[in-house]
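Values reported hereafter were calculated over all heavy atoms of this structure, with side chains retained and with hydrogens, waters and symmetry mates removed. Since the model is a prediction, treat every value here as computed from it, not as a measurement. Note that ligands are numbered from 1 as they come in the structure, with each ligand's atoms numbered from 1 the same way.
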Amino acid sequence: MGLSFELPYFPRKGLVEDVLQILTSGLKQGVTLFAPRRQGKTSFVRHELIPAAHELGWKTLYIDLWRRRGEPELALVEGLEAFLEARRSGWKRRLRFRQLRAKASAGAAEVESTLEPVSFTPDAVLENRLDFALSALAEKDVTLLVLDEVQALAGAKREDFVAALRTVIQKLQGRLLVFYTGSSREGLNHMFRQQRAPLFASAMPVQLPDLGDDFIEDRMVFLAERTRARIDEASLRNAFERLGRTPEFLNEVILHLLIAGNGNIDAAMAKWMQSHTETGAGALLEELRPLELALMNMLAQPGHPSVYSTESVAWLSRWPDIDASLTTAKIQAALKRLTRMELVAPTGRQGDYEIEDRAVLLHLRAGT
Ligand SMILES: Nc1ncnc2c1ncn2[C@@H]1O[C@H](COP(=O)(O)OP(=O)(O)OP(=O)(O)O)[C@@H](O)[C@H]1O
Ligand SMILES: [Mg+2]
């Protein structure tokens, strides 16, 4: 955070091969990749998947649904349309023609009135626009559509939208491939619950492989090329472990090392923690109410009790400024708010929640 320089990308061993294997097998039309925030999903797509798809002669289109998560349906449809527009494929002309034909079959009088306006008017029904744009996208070439942060669609206000998306994708089997990424389990659970038939029925899940010792070795080489300071590889590996194996955080610690110009990993870690306290994690936590903060602290403990248990109520009651009359209803309300803020997510096990953002988790564990 606050450091704009990007360290080199390190490939996720075997992942791109696995994804292409699934997509070229013809057995599955899509692949899902779900991993927590900041773990490197988007980086994988940009650095590995899209270039590999181009090598296979596929067209690609990347749409980030998170950026406009308030209106993810529009983000998707307009993203598709903007891409087609830029490609100048003449897709609007064909659309107009189709609209005319549809109206012609409705009656001659209708045709009279629709022949006049030659300019393009988008279909008022969003699902129709989606259908048309996706069909145009995959008309000629095999196309890989990447939907980043697809859980944003769980917030879609139109009930039918996700169902329509699923139908169009199925219709375009053989020409359209889809790669879904997501980070919020809560959002996903939601999508599965709300839309009975899952969008991902036609997709196969893959895991983001953890970065291991070879990643650390690679960073050591990077450091050796830039600093004379002696850096202990085991300490760097240990730091990566403490950072929840989040590459972004290790990259930041490495930059702190380079700035300090020495091999003091502990000092670099302290600097890292401080910068996160000032900007992201700390600021977020300051806005919480006492019970919410207490819950966050409890969830940060390894092996914490189940949130509604007597043990949990007792733990939370000991926290400063907590009302003596703590009830499970109050805990539930606080969790609801934390979930909405995307600070926590249900794990899927009854009464179990986890902290979404690893920087927040590490910050709480450090007790600062
Ligand atoms: N394989 C990698 N090698 C080196 N650095 C990486 C790698 N993957 C991720 N990073 C670093 O982590 C940062 C965050 O990664 P990225 O944005 O891809 O994560 P994400 O999972 O898409 O996160 P979000 O859920 O917030 O969208 C990158 O900017 C990069 O600095
Ligand atoms: Mg991302």
Side-chain angles (χ1 to χ4, degrees), residues 1-19 31-52 60-69 72 75-76 79 145-155 179-188 205-223 225-226 236-237 239-241 243-258 268 272 275-276 279-281 284 341-345 354-362:
M1 278 190 191
L3 302 163
S4 54
F5 179 73
E6 276 265 324
L7 266 69
Y9 177 80
F10 189 78
R12 299 277 177 169
K13 207 189 276 161
L15 182 58
V16 75
E17 290 81 359
D18 286 353
V19 173
V31 171
T32 58
L33 173 67
F34 292 106
R37 309 298 312 263
R38 322 306 305 150
Q39 288 298 298
K41 301 176 295 290
T42 305
S43 299
F44 166 73
V45 166
R46 290 206 175 287
H47 290 273
E48 296 196 72
L49 183 60
I50 289 180
T60 62
L61 173 59
Y62 169 89
I63 298 179
D64 180 3
L65 294 172
W66 191 247
R67 229 179 271 160
R68 284 174 69 193
R69 56 189 174 280
L76 175 53
L145 173 66
V146 179
L147 296 180
D148 204 0
E149 302 292 346
V150 70
Q151 79 275 356
L153 278 176
F179 188 78
Y180 308 90
T181 85
S183 56
S184 157
R185 216 160 316 160
E186 163 67 4
L188 278 177
V206 292
Q207 304 284 330
L208 194 66
D210 256 347
L211 291 171
D213 292 351
D214 44 358
F215 174 58
I216 302 298
E217 278 162 32
D218 178 83
R219 300 294 104 154
M220 289 295 288
V221 172
F222 175 87
L223 278 163
E225 284 166 359
R226 282 161 187 82
L236 195 66
R237 199 178 308 128
F240 188 44
E241 216 49 71
L243 293 165
R245 292 180 167 265
T246 306
E248 180 176 30
F249 299 161
L250 188 75
N251 288 346
E252 290 169 350
V253 168
I254 286 173
L255 289 177
H256 284 302
L257 271 178
L258 286 176
W272 178 86
S275 72
H276 273 261
T279 51
L284 262 180
M341 294 168 81
E342 303 205 324
L343 283 170
V344 305
E354 66 190 352
I355 292 172
E356 281 263 8
D357 189 323
R358 288 201 196 184
V360 174
L361 176 67
L362 294 164

Discussion item. Quick check for you: to the nearest 0.5 Å, what is the distance between R219 atom CZ and L257 atom CG?
Written reply: 13.0 Å
Practice prompt. Give the contacting part of P11 toward ligand 1: side chain, backbone, both or neither, where contact means a heavy-atom distance below 4.0 Å.
Written response: neither
Discussion item. Counting backbone and side-chain atoms alike, is an N, O or S atom of S183 positioned under 2.8 Å from the Mg ion (ligand 2)?
Written reply: no
Response to the item:
To atom 17 (O) of ligand 1, the nearest of K41, E252, R38, E6 on a heavy-atom basis is R38
Fill in: Exam field: side chain D64 to backbone W66, donor-acceptor pair closer than 3.5 Å
yes
Discussion item. At less than 4.0 angstrom from any non-hydrogen atom of G40, what atoms of ligand 1 do you find?
Written reply: 8 (N), 9 (C), 15 (O), 16 (P), 18 (O), 19 (O), 20 (P), 21 (O)
Discussion item. Measuring from atom CD of E252 to atom NE2 of H276, what distance do you get when rounded to the nearest 0.5 angstrom?
Written reply: 4.0 Å
Item to complete: May I ask which of F10, F34, W66 has a heavy atom nearer to atom 1 (N) of ligand 1 than the others do?
Response: F10
Worksheet, complete the sentence: If you scan protein heavy atoms around atom 12 (O) of ligand 1, the nearest is E248 CB, 3.1 Å
Discussion item. Looking at P209, is its backbone amide N or carbonyl O close enough to the side chain of K13 to form a donor-acceptor pair, meaning the two atoms are under 3.5 Å apart?
Written reply: no
Item to complete: Could you tell me whether H47 approaches ligand 1 through its side chain, its backbone, both or neither, with non-hydrogen atoms closer than 4.0 Å?
Response: neither
Worksheet item: Nearest 0.5 Å, what's the CG-CG distance between L147 and L76?
Response: 6.0 Å
Worksheet item: What's the shortest distance from atom 22 (O) of ligand 1 to any protein heavy atom, and which residue and atom give it?
Response: T42 OG1, 2.7 Å
Response to the item:
For E149, the ligand 1 atoms with a heavy-atom partner under 4.0 Å come out as 24 (P), 25 (O), 27 (O)
Item to complete: Name the orientation class of the two ring planes belonging to F215 and F10 (parallel below 30°, tilted from 30 to 60°, perpendicular beyond 60°).
Response: tilted
Worksheet item: Are any of the N/O atoms in P247 less than 3.5 Å from those in ligand 1?
Response: no
Fill in: Check: Q39 side chain, L208 main-chain N or O, donor-acceptor pair, under 3.5 Å
no
Worksheet item: Which of the atoms in ligand 1, numbered in the order shown and given with their element, are less than 4.0 Å from a heavy-atom of P8?
Response: 4 (C)
Worksheet entry | Neighbour count above 12 (heavy atom, 6.0 Å) for E17 CD | yes
Fill in: Donor-acceptor contact present, side-chain R245 to main-chain L211, <3.5 Å
yes
Practice prompt. Look only at interatomic distance and state if R219 has a nitrogen or oxygen under 3.5 Å from any nitrogen or oxygen of ligand 1.
Written response: no
Response to the item:
Within the 4.0 Å heavy-atom cut-off, what N251 brings close to ligand 1 is side chain
Response to the item:
protein heavy-atom neighbour closest to atom 28 (C) of ligand 1 works out as S43 OG, 3.6 Å
